[in-house]
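Here's the structure, in structure tokens; my notes come after.
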There are 2 protein chains.
Amino acid sequence: MPDKPDQSQKPGAGTTAPDATGKEQPRRRQARGERRIQQLLEAAASVFCATGYSAASTNAIAREAGVSPGTLYQFFPNKEAIAIELGDRLVHELRDTYGEALAPVAPGTPLAEAVGAAVDRFVAFNTERPVFFTLMHGPDMPGGIAEAHDALHATLVGRVADLLVSLLPSDTDQARVTRTAHVCLSIYKAGLELVLGHQGAERQAYVQEIKDVLTRYLEPLVGDRLGDPAP
Amino acid sequence: MPDKPDQSQKPGAGTTAPDATGKEQPRRRQARGERRIQQLLEAAASVFCATGYSAASTNAIAREAGVSPGTLYQFFPNKEAIAIELGDRLVHELRDTYGEALAPVAPGTPLAEAVGAAVDRFVAFNTERPVFFTLMHGPDMPGGIAEAHDALHATLVGRVADLLVSLLPSDTDQARVTRTAHVCLSIYKAGLELVLGHQGAERQAYVQEIKDVLTRYLEPLVGDRLGDPAP
DNA sequence: CCAGAATGCGAGCGGTCGCTCGTGTTTGTC
DNA sequence: GACAAACACGAGCGACCGCTCGCATTCTGG
């Protein structure tokens, strides 16, 4: 490894002047710069998808964006920052698109329907943005990314857990809830891999399988209608 | 990349004499050599586990084995061959340990029991040999390994599918069976990740979760006792 | 016992990769 | 139009990595 400046700052790669406050306000950007950043992130997404994070070279990303390596480093302090920024934007898209995803379901909804809706949204998001899966799934990430990783994962587990506490019998203990949430998420992720590996009708069939697996897993725990926990 | 000699031969790295038949019989090994190979494979397992395949350096493997880089290349033609040989040995151990794993189950066995036994064996094998999971799961493998990968995966899917045809109603179509087998295997793998990420009682709890997920997934398809397909 | 094969060593070759730097071009501001 | 800041370039630096090569040492068969 050449150098580890471990400066994980926002895109503002070069700073105008080392501010006396110690905090460096983000460098002034022109519209052209913002466009370049977008270009570079899209190129990065494409390259990451094709080869994975660690095998992706910054030169390849620059080339894909039709830009010189030097230009890339005008906007990102290092390779890791590219992945982090890309991840951040994806997470925001996730939130924006689905708001409080896995959102509150009306009591009385059939379990299968609630699960189906959640799976469909999750699958749609991922098929439209294959990078998301690559970044979430790749075990070849340096420290900084793994953190963001785990943070997102923890958030999702928390969200699922919140949903579950309102469904499971009230005497269910905390650890049990967390465990169930982890299992649901793992099934989600494993199923997603299967789904992304197929096309057309076959893909749809696998989506249905995920729904079945989750529904049957949860049914004995929550009853077949929400708000109506099994005895 | 320096060179791609793409010679994926068995450990015999250097060959005695280019045999006129075109086939090169494996180089004569002394006991010392066999011991070194074992040492190197164990070192490789440890390094792969710690850092993943692509991040593992051959020099690090040699160092871990207490040996010079040159010595390593006396026994393996390249880095890929190390992983392949390691994988081969693991697969053989898998076969030897569990014979015709996921073996025929006596008709009348409760589904939960059959699933439980299979999961327990699979989990035991993997907890004793964490490299196996690393090699199977890592998406950062060069071509040659990915092939072996897929071959093993296909074998396992085939095995599970064979088991399923004897359980599912006889009018179930082929694609349905394969799909179900893929889903079972994915659940297995996803669950394994969860299991390996925890210790002690928590780990046991996750093992139970995998069993529950699989049992509940399969129950509606095969009935709650084997040899007694649901209508 | 001795020739030759097998084993062992480690500096270093050729290559890639992340990233820098000196320099030139475009853009916004007064 | 002038001036500074932002943007763009691309050769190339330093670090590392997979792998080689020449040479020393140990084993083994005859």
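Scope of the values below: all heavy atoms of this structure, side chains included, with no hydrogens, waters or symmetry mates. Order of the sequence lines sets the chain letters (A, B, ...), proteins ahead of strands, with each chain counted from 1.
- The distance between atom CD of Gln74(B) and atom P of dC19(D), rounded to the nearest whole Å, is 15 Å.
- As rounded to whole Å, 9 Å separates atom P of dC19(D) from atom CG of Leu72(B).
- When each of Lys79(A) and Val67(B) is assigned the nucleotide of DNA chain C with its nearest heavy atom, Val67(B) is the one assigned upstream, toward the 5' end.
- Nearer the 5' end of DNA chain D, as judged by each residue's closest nucleotide, is the contact made by Pro69(B), out of Pro69(B) and Gln30(B).
- Applying the 4.0 Å criterion to OP1 and OP2 of dC7(D), one finds that Arg29(A) has a side-chain N or O inside that range.
- In this entry the distance linking CG of Asn59(B) with P of dC19(D) reads 10 Å, nearest Å.
- Per the geometry, CD belonging to Glu80(B) stands 9 Å off P belonging to dC19(D), to the nearest Å.
- Expressed to the nearest 0.5 Å, how far CG of Leu94(B) lies from CZ of Arg121(B) amounts to 10.5 Å.
- Ala56(A) comes within 4.0 angstrom of sugar-phosphate atoms only, judged by non-hydrogen atoms across all strands, and of no base.
- Between Glu193(A) and Lys189(A) there is no salt bridge, since no side-chain N of the basic residue sits under 4.0 Å from a carboxylate O of the acidic one.
- In this structure, the CG atom of Asn78(B) is 5 Å from the P atom of dC19(D), given to the nearest Å.
- Atom-to-atom distance recorded for Glu202(B):CD and Arg179(A):CZ is 5.0 Å, nearest 0.5 angstrom.
- Checking the phosphate oxygens (OP1, OP2) of dT20(D), no side-chain nitrogen or oxygen of Tyr73(B) falls inside 4.0 Å.
- One finds no salt bridge joining Glu93(A) and Arg89(A) here, because no Lys/Arg side-chain nitrogen approaches an Asp/Glu carboxylate oxygen to under 4.0 Å.
- In this structure, CD1 of Ile37(A) is placed 11 Å from C1' of dC7(D), rounded to the nearest angstrom.
- Mapping Arg32(B) and Gly70(B) onto DNA chain C by nearest heavy atom places Arg32(B) closer to the 5' end of the strand.
- Rounded to whole angstrom, the span from the CZ atom of Arg35(A) across to the P atom of dT27(C) amounts to 9 Å.
- Under the 4.5 Å side-chain criterion, counting only non-hydrogen atoms from C-beta, Arg29(B) is not in contact with Arg35(B).
- Here Arg36(B) reaches the OP1 or OP2 of dG8(C): one of its side-chain N or O atoms lies under 4.0 Å away.
- Residue Thr58(A) has a polar side-chain atom (N or O) positioned under 4.0 Å from OP1 or OP2 of dG18(C).
- Taking atom CZ of residue Phe75(A) and atom C1' of nucleotide dC19(C), one finds them 16 Å apart after rounding to whole Å.
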